[in-house]
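Everything on this sheet refers to the single structure shown next.
Worth saying up front: this structure is predicted, and the values here are computed from it rather than measured.
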Amino acid sequence: VEEIVGTGFRAVKLHACGNPALDIEALRLAREAAPEVDLMMDTMGIYGRQDARRIGRVFDELGYVWYEDPLADDDLDGWIELRRHIDTPLAGVDAVRFTTRDYARPVAEGAFDILRMDAGRQGITQLAALGALANAFSLGCEGHAFGPALSQAANFQVALASPGARYCELPVPLGGLDVGVRAGLSLDAEGCVPAPAGPGLGLEVDSSSMRERVVT
């Protein structure tokens, strides 16, 4: 966390290891290392209801920005119950299986505070529709973008048009997945991500680099 913040990031998202005690320790150590930085954790739906609530109370104590995928994405009742018992916003889901239509019932029944979806998996049209759904219910909507540069850029462009979006998720080390483009998304001196100025998604495709990686 200290290293990432030292490179200019103003927010850091952790991933759970699956052991509640170790994950709680990681939450505390990260907050000690970065007392003024926005922190999140993605537990990837690996916990049951009891452990998810136990960890959620630590999120509240430490002032984390969001608690991502605390439960399996099909445990609707569990999500609703957890949201009633903790204050930290719940962000869901990782969107491997969900489409915009799948979000309708959980949103209507109050399962989420923040909607997460990935244009690299479901497409820009689906993500834009999800942004509109989030806006209609006054929810956040954040792109999930631990993927190649063009996926990151697709989520970022939709986020720029979504009132509920606050963050641009980038993998670290920064630029590590910038394959097939001249340059990927970057941070400015204030720790913000400038909108790329090029046409389309804004990034310039490096066709020769792509051809070098084609397997025939």
Ile24 pairs by side-chain contact (heavy atoms from CB on, under 4.5 Å) with which of Val58, Leu29, Asn19? Val58

Please determine whether a side-chain nitrogen of the Lys or Arg among Asp69 and Arg116 lies less than 4.0 Å from a carboxylate oxygen of the Asp or Glu. no

Does the gap between the ring centers of Tyr167 and Trp66 come in under 6.0 Å? yes

Of all the heavy-atom pairs spanning Ser151 and Gly120, show the shortest one and how long it is. OG-CA, 3.6 Å

Between Leu170 and Gln152, what is the shortest heavy-atom contact and its length? CD2-OE1, 3.4 Å

Indicate if Ile114 and Leu127 have the same hydrophobic cluster label, given that clusters are the connected sets of ILVMFWY residues with side-chain heavy-atom separations under 4.5 angstrom. no

Under a single-linkage definition using a 4.5 Å side-chain heavy-atom cutoff for Ile, Leu, Val, Met, Phe, Trp and Tyr, are Leu115 and Ile80 assigned to the same hydrophobic cluster? no

If the threshold is 4.0 Å, N to carboxylate O, is there a salt bridge linking Asp113 and Arg83? yes

With side chains defined as the heavy atoms from C-beta onward, is the minimum distance between Asp87 and Phe59 less than 4.5 Å? no

Stepwise, does the side chain to side chain donor-acceptor pair (under 3.5 Å) test hold for Ser208 with Asp206? CA-CA 6 Å; Ser208 61; Asp206 184 350; 2.9 Å; yes

May I have the step-by-step check of salt bridge (Lys or Arg N to Asp or Glu O under 4.0 Å) for Arg105 and Glu109, ending in yes or no? CA-CA 6 Å; Arg105 183 183 173 197; Glu109 296 192 17; 2.8 Å; yes

Does Arg166 come within less than 4.0 Å of Glu142, counting only side-chain N to carboxylate O? no

Out of His144, Lys13, His15, which residue meets the side chain to side chain donor-acceptor pair (under 3.5 Å) rule with Glu68? Lys13

Considering all heavy atoms, the nearest Gly92-Tyr103 contact: O-CE2, 3.5 Å

Can Arg31 and Glu61 be counted as an ion pair, charged N to O under 4.0 angstrom? no

